[in-house]
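Some notes on the structure that comes next.
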Amino acid sequence: MSAILTVDDLRVSFATEDGVVNAVDGVSFDLAAGEVLAIVGESGCGKSVTAQTLTGLTRAPNARITGSVNYRGREINGLNDNQLRDVRGEQIAMVFQDPMSALNPVYRVGDQIVEMIRAHRDVSKKEAHAKTVELLRSVGIPNPERRARLYPHEFSGGMRQRVMIAMALALEPDVLIADEPTTALDVTIQAQILQLIDRLNRERDLAVIIITHDLGVVAEVADRVLVMYAGQVVEDATLDEIFYAPKHPYTWGLLGSLARLDQPRTARLTQIPGAPPSLLAPPPGCRFAPRCSHVFDRCAEPPPLEARTGGSHLDRCWLDAEVKAHHGVRVGAPPTRRVEGVQHG
Ligand SMILES: Nc1ncnc2c1ncn2[C@@H]1O[C@H](COP(=O)(O)OP(=O)(O)OP(=O)(O)O)[C@@H](O)[C@H]1O
Ligand SMILES: [Mg+2]
């Protein structure tokens with residue numbers, strides 16, 4: 001599979017009164033056509049800033065961006081507003097965590113999608129309306145002709161998230177970036193939205209970047225997973241590698257805090273002790289070291305992200321390959337669906 005999106009050494013920092021916040025600190029990855037990549041990590045690790053920077057939405061005057069975001073051979077980092085308008089929506093579309101913030105409350109939902117299509121395509125109102133109804137139907141909104149005439153507040157949370165996805169698909173992008181698309185929803189609705197993303201990925205060969213703090217969500221849909229910690233990628237591997245042979249102690253911690261179907265309900269979930277470091281002054285060596293129960297001398301030196309045992313499974317940890325293999329198997333678990341009774345794979 002060849003990459004349609006290549007991110008190389010992306011760095012985003014914000015100048016603040018307290019100093020420079022290095023929100024994204026050297027992130028690199030490829031996204032292949034039709035691939036579902038998940039970016040996982042605790043709050044504040046730089047997931048949203050990474051996602052927003054991919055579509056040129058990191059616009060704060062105090063932001064400094066370096067590195068490369070290459071979409072099908074075209075450099076996106078550094079494009080002006082006009083050039084970005086073509087990329088955004090047409091090639092790479094985004095779905096945000098809070099759909100209310102992206103919908104205009106005073107316009108009917110259908111009209112908002114019609115306007116968006118007409119801003120980019122030379123089509124009549126009637127054609128744009130037909131396309132809108134078809135889009136709403138394709139994301140599982142019942143009775144789309146009638147629903148298109150409703151206002152955003154007349155939709156439930158799950159239906160509103162479907163509207164956002166319909167809007168994101170309106171210009172037939174190759175890449176959909178979904179930033180925490182399910183966090184605000186209850187578990188059953190979350191599962192439905194993830195099934196929708198999964199179906200769109202298969203039917204349209206849509207490449208998806210899904211951002212979440214929840215490894216359970218990842219198990220539902222991802223082909224590959226980037227685990228982020230304190231602005232950096234600490235592990236980059238396939239879904240199966242992350243669940244069956246995880247190599248980074250932080251990933252072990254995330255897996256330990258996941259509710260599992262292969263254990264009794266009463267089994268206690270372990271939380272990772274401590275809190276992520278400040279991005280103003282992260283620890284000089286391994287950034288996870290202060291919270292890591294496997295820490296040793298070498299961790300005073302920052303570990304690079306690399307494939308330590310060949311292959312494409314990358315991790316950023318000095319521990320011995322054998323220790324990682326031994327421990328990874330112990331904490332590893334089959335990817336389990338969040339909805340009880342439905343087992344994945
Ligand atoms: N405009 C800004 N100015 C200063 N700091 C910022 C700015 N935008 C983001 N940050 C900081 O960048 C860091 C990364 O934020 P980001 O929103 O990417 O985290 P996240 O991983 O998406 O977290 P969450 O899971 O809570 O959504 C945070 O420390 C945040 O405070
Ligand atoms: Mg975020």
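Both counts, for ligands and for their atoms, begin at 1 and track the order of listing.
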Residue and atom name of the nearest protein heavy atom (relative to atom 12 (O) of ligand 1), distance in Å to one decimal:
A23 CB, 3.3 Å

Report the distance from atom CG of L31 to atom CG of L5, rounding to the nearest 0.5 Å.
5.5 Å

Any N/O pair T50/ligand 1 closer than 3.5 Å
no

What protein heavy atom lies closest to atom 2 (C) of ligand 1? Include the residue and the distance to one decimal.
F14 CD2, 3.4 Å

Metal check, the Mg ion (ligand 2) vs S43 N/O/S, cut-off below 2.8 Å:
no

To the nearest 0.1 Å, how far is atom 28 (C) of ligand 1 from its closest protein heavy atom, and which atom is that?
G44 O, 3.9 Å

Taking atom 26 (O) of ligand 1 as the reference point, the nearest protein heavy atom with its distance
S43 OG, 2.5 Å

Test side-chain hydrogen bond (donor to acceptor under 3.5 Å, both in side chains) applied to E75 and S68, step by step:
CA-CA 7 Å; E75 182 56 48; S68 161; 2.7 Å; yes

Salt bridge flag under 4.0 Å for residues R149 and E154
no

Between L279 and ligand 1, which part of the residue brings a heavy atom under 4.0 Å of the ligand: side chain, backbone, both or neither?
side chain

Quick check: does C45 get an N/O under 3.5 Å from an N/O on ligand 1?
yes

Could you check whether any heavy atom of G41 sits closer than 4.0 Å to an atom of ligand 1, since that is the contact criterion I want to use?
no

If you scan protein heavy atoms around atom 25 (O) of ligand 1, the nearest is K47 NZ, 2.8 Å

Can you tell me which residue and heavy atom of the protein come closest to atom 17 (O) of ligand 1, and the distance to 0.1 Å?
S48 CB, 3.6 Å

Go through V87 and R74 one step at a time and tell me if the side-chain contact (heavy atoms from CB on, under 4.5 Å) criterion holds.
CA-CA 10 Å; V87 173; R74 184 178 184 198; 3.7 Å; yes

Could you tell me whether N62 approaches ligand 1 through its side chain, its backbone, both or neither, with non-hydrogen atoms closer than 4.0 Å?
side chain

Ligand-residue contact atoms, ligand 1 with T16, heavy atoms, under 4.0 Å
4 (C)

Under 4.0 Å to a heavy atom of V49 - the qualifying atoms of ligand 1, by number:
9 (C), 15 (O), 16 (P), 18 (O)

Ion pair present between R291 and E42, side-chain N to carboxylate O less than 4.0 angstrom?
yes

Salt bridge or not for K47 and D179, using N-O below 4.0 Å?
no

Under 4.0 Å between a side-chain nitrogen and a carboxylate oxygen: does that hold for R202 and D198?
yes

